[in-house]
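Counting convention: from 1, in listed order, for ligands and their atoms alike. Just so it is clear, the model here is predicted, and its values are computed rather than measured.
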Amino acid sequence: MSSAKSASETPRKYQLFIDGQWVDAESGKTFTTPNPATGATLAEVAEGDKADIDKAVEAARRAFEGPWSKVSARDRGKLLYKLSQLIDAKSKELAAIETSDNGKPIKETSYVDLPQVVENFEYFAGWATKIEGETIPVPGQMFNYTLREPVGVCGQIIPWNFPLLMAAWKLAPALAAGNTIVLKPAEQTPVGAMELAALIQEAGFPDGVVNVVPGYGETAGAALASHKDIDKLAFTGSTEVGKLVAKSAADNLTKVSLELGGKAPNIVFADADLEQAVNGAMMGIFFNQGQVCCAGSRLFLDARVKDEFLDRFKEKSARVRVGDPMDKNTQMGPQVSEEQLNRIKGYVDIAKGEGAQVLTGGCPPQLEGDFQKGYFFQPTIFGDVQNSMRVAQEEIFGPVVSVITFENEDDLIKQANEVAYGLSAGIWTKDITRAHRFAKAVHAGVVWINTYNMFNAASPFGGYKQSGYGREMGKHALEMYTQVKSVWVDLSGKPIGWFGN
Ligand code: NAI
Ligand code: MG
């Protein structure tokens, strides 16, 4: 591994991390990944494929059956805690790397991503010693108890929108519960996961407990999802690929958890604090360039305040500082890739074709120098949207919000739930009964009342409907990474009377 300091210098180089070793891909192939702010090559990375995934799964199996099974819960906790501290100590450098890899502003990687990565490893370090079975009061001279055991070898496929944080959400609970892992980072953002692998090695995890194999989805990802010797597959990404991996896992009956797309309703009632709601709508859709599965991408406005709200929202959106993500004053950096940028541009045309209005933005900003080659897009508001339009039903995954007007609460809840997804929802109102009524009625795994995009390692996150299944974070995450064994013990000491008498 090398450690070049910035995108303008020699590209960083990374190998695969398998069985505690840094190795080239069996094929010898590599791929490059750009800094999305400039298009310059950030890193050259070994390109894992089926052969490498096979090797990594074998290593993870050996570690699971061997050394890792002998590590006590306390020592697993200590290793996770040590890892959290190593990340914390290096967080400034890692934040800069994450910004170069993904394009998200340095303010976000420094104050959101890295602190939450540390928090997740810290939180699950504490859980390692608290994963317990139970005793069941069964009748007769019998003793029945349960053991909560790790699932085994876990394949984990993660996306590019929060590269390090998605790795943390997946690795931390799996390791706390005693599993071993093959992690496949997204091809757009492999760098953070490789840096994390180096810290996992430094923390002292036994070889093979965590293996990191970067590569493309159709090759490395598909090989992992269809592998016969993984016990569990955890996937975060598009609903389209979620369905594919669930199907290939089904052939081996591999346990699957999915965290997929969203099209969240973010709802503003006339009685809301409008200033708070405007800022909340912005947080809902412009945070991380809108590349957030729980983004508030359908903004429902109460007809009584629509005009006033939109005036303020447009004015503030046009003032968002889009540009150099390494500048600490930047609020929005580039989209992650040219492909994502083109996808967003495509949706602007779709919106116009459907009769929606572009109220602000709708195109890339004018930037200077190297940033002209970056994948930037302006904060964009579509007005006059109907909930049935494609821009209200499909995940765009950019800083693009569709504004829908509503007249009354019943109509609103119906529209809010008329969508294939069910990941998250937001509501802005001072009426607490209405807020809780909505929280109960909306089909979503996470609801925010007078706030948006709040996360904590202790609080579960995951989707209803086509947003997936399983919950990450909190104690619920441990359910995905453990299985229950029921053990029966005869206390009578007598032969079973059923046969033989
Ligand atoms: P994607 O679902 O293709 O990629 C996510 C991960 O899955 C990556 O690691 C990728 O390499 C892997 N992958 C891709 N095809 C695979 C396959 N056939 N088998 C196994 N693994 C595979 O997402 P993509 O193409 O990067 O983005 C497309 C759209 O997906 C976005 O515009 C957005 O709407 C959605 N998305 C949602 C995310 C979320 O957080 N829920 C994250 C990323 C994308
Ligand atoms: Mg894809």
Side-chain angles (χ1 to χ4, degrees), residues 31 33 36 45 47-50 53 101-104 155-163 165-167 169-170 182-193 212-227 230 233-251 254 256-264 285 287-295 297 335-347 375 377 390-391 393-400 420-424 445-446 453 455 461-463 465-470 472:
F31 67 105
T33 174
V45 183
E47 184 190 326
D49 200 340
K50 185 173 182 312
I53 291 288
D101 201 14
N102 167 280
K104 60 174 72 195
Q156 302 184 325
I157 300 176
I158 56 170
W160 42 261
N161 52 343
F162 294 86
L165 188 55
M166 291 303 100
W169 282 19
K170 297 249 179 307
V182 177
L183 178 78
K184 204 228 43 96
E187 55 270 36
Q188 296 85 349
T189 55
V191 175
V212 185
V213 184
Y216 290 97
E218 296 75 8
T219 51
L224 186 54
S226 61
H227 204 291
I230 61 166
L233 178 73
F235 173 85
T236 298
S238 60
T239 294
E240 182 194 354
V241 175
K243 289 178 186 176
L244 282 179
V245 298
K247 278 181 198 152
S248 49
D251 278 342
T254 306
V256 179
S257 55
L258 301 171
E259 205 263 274
L260 308 174
K263 195 74 188 178
I285 194 64
F287 180 69
N288 203 28
Q289 295 72 241
Q291 300 166 146
V292 184
C293 46
C294 50
S297 49
Q335 307 307 126
V336 75
S337 64
E338 192 164 15
E339 184 186 350
Q340 285 302 121
L341 178 64
N342 289 337
R343 185 186 163 98
I344 297 164
K345 288 177 179 166
Y347 273 105
Y375 317 131
F377 203 76
R390 284 184 63 191
V391 288
Q393 293 292 315
E394 296 173 15
E395 186 174 54
I396 301 176
F397 231 56
V400 179
Y421 298 110
L423 189 52
S424 59
V446 190
N453 277 343
F455 302 95
F461 182 85
K465 305 203 292 193
Q466 292 199 25
S467 292
Y469 36 77
E472 305 202 90

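For atom 41 (N) of ligand 1, the nearest protein heavy atom lies closer than 4.0 Å. Distance remark: protein heavy atom present below 4.0 angstrom from atom 19 (N) of ligand 1.
When non-hydrogen atoms are compared, ligand 1 lies under 4.0 Å from neither the backbone nor the side chain of Glu240. Neither the backbone nor the side chain of Val292 has a heavy atom within less than 4.0 Å of ligand 1. Contacts of Thr239 with ligand 1, taken as heavy-atom pairs under 4.0 Å, are absent altogether. Heavy atoms of Gln188 found under 4.0 angstrom from ligand 1 belong exclusively to the side chain.
Without hydrogens or angle criteria, Glu259 side chain to Phe235 main chain gives no donor-acceptor distance under 3.5 Å. Looking only at distances, a side-chain donor or acceptor of Lys263 sits under 3.5 Å from a matching main-chain atom of Glu394. The backbone N or O of Thr219 sits nowhere less than 3.5 Å from a side-chain atom of Lys50 that would complete a donor-acceptor pair. A donor-acceptor pair under 3.5 Å links the side-chain atoms of Ser467 to the main chain of Gly261, judged by distance alone. Side chain of Glu395 to main chain of Gly262: a donor-acceptor pair is present (N/O by atom type, distance under 3.5 Å, no hydrogens or angles).
Of the inter-residue distances, the one linking Lys345 atom NZ with Glu338 atom CD reads 7.5 Å to the nearest 0.5 angstrom.
Among all non-hydrogen protein atoms, the one lying nearest atom 38 (C) of ligand 1 is Phe397 CZ, 3.4 Å. Closest protein heavy atom to atom 9 (O) of ligand 1: Ile158 O, 2.8 Å. The nearest protein atom to atom 7 (O) of ligand 1, hydrogens excluded, is given as Phe235 CE1, 3.2 Å; this is a heavy-atom distance. Among protein heavy atoms, atom 39 (C) of ligand 1 sits closest to Cys293 CB, 3.5 Å. When hydrogens are left out, the protein atom nearest atom 10 (C) of ligand 1 is Glu187 OE1, 3.5 Å; that is the closest non-hydrogen contact. Considering only non-hydrogen protein atoms, atom 22 (C) of ligand 1 sits nearest to Gly217 CA, 3.4 Å. Distance from atom 12 (C) of ligand 1 to its nearest protein heavy atom, with residue and atom name: Ile157 CG2, 3.7 Å. Taking atom 25 (O) of ligand 1 as the reference point, the nearest protein heavy-atom neighbour is Glu339 OE2, 4.7 Å.
Every atom of ligand 1 with a heavy atom of Gly221 under 4.0 Å away is listed here by number and element: 19 (N), 20 (C), 21 (N). Within the listing of ligand 1, atoms 32 (O), 34 (O) sit less than 4.0 angstrom from a heavy atom of Arg343. Heavy-atom contacts of Leu260 reach the following atoms of ligand 1: 41 (N) (cutoff under 4.0 Å). Interface atoms of ligand 1 facing Ala222, defined by a heavy-atom separation under 4.0 Å, are 19 (N), 20 (C). Atoms of ligand 1 lying under 4.0 Å from any heavy atom of Pro159, numbered from 1 in the order shown and given with element: 42 (C), 43 (C). Listed by number with element, the atoms of ligand 1 under 4.0 Å from a non-hydrogen atom of Gln340 are 27 (O), 28 (C), 31 (C), 32 (O). Close approach of ligand 1 to Val245 (heavy-atom distance below 4.0 Å) involves ligand atoms 19 (N), 20 (C). Near Ala186, the atoms of ligand 1 lying under 4.0 angstrom from a non-hydrogen atom of the residue are 9 (O).
Contact check for Leu183 versus Val213: no side-chain heavy atoms found under the 4.5 Å cut-off. No side-chain heavy atom of Ser226 sits less than 4.5 Å from a side-chain heavy atom of Asp251. With contacts defined as side-chain heavy-atom distances shorter than 4.5 Å, the pair Ser297/Ile285 qualifies. Annotation: side chain of Cys294 is not in contact with side chain of Val446 (no heavy-atom distance under 4.5 Å). Taking the side chain as every heavy atom from C-beta outward, Tyr347 and Arg390 approach each other to under 4.5 Å.
Across Gly290, Ser238, Gly262, heavy-atom proximity to atom 23 (O) of ligand 1 is greatest for Ser238. Comparing Thr236, Leu423, Val241 by heavy-atom distance to atom 5 (C) of ligand 1, the nearest is Thr236. When the heavy atoms of Lys184, Gln156, Gln291, Glu395 are ranked by distance to atom 35 (C) of ligand 1, first place goes to Glu395.
Ligand 1 lies less than 4.0 angstrom from a heavy atom belonging to Trp160.
Of the N or O atoms in Gly237, one or more lie within a sub-3.5 Å distance of an N or O in ligand 1.
Applying the side chain to side chain donor-acceptor pair (under 3.5 Å) test to every pair with at least one member in residues 234-248, sequence neighbours left out, gives these pairs: Lys170-Thr236, Lys243-Gln466.
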For this session: Apply the test side-chain contact (heavy atoms from CB on, under 4.5 Å) to residues Lys184 and Ile158: give CA-CA distance (whole Å), side-chain angles for both, the deciding distance (0.1 Å), then the verdict.
Result: CA-CA 6 Å; Lys184 204 228 43 96; Ile158 56 170; over 6 Å; no
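For the 3.5 Å distance criterion, the side chains of Tyr375 and Glu339 fail to qualify, holding no donor opposite an acceptor.
Between Phe162 and Trp169, the gap from one ring centroid to the other reaches at least 6.0 Å.
Partners of Val336 by side chain to side chain contact (heavy atoms under 4.5 Å, CB included), not counting sequence neighbours, listed by chain and number: Asn102, Trp160, Gln188, Thr189, Gln291, Gln340.
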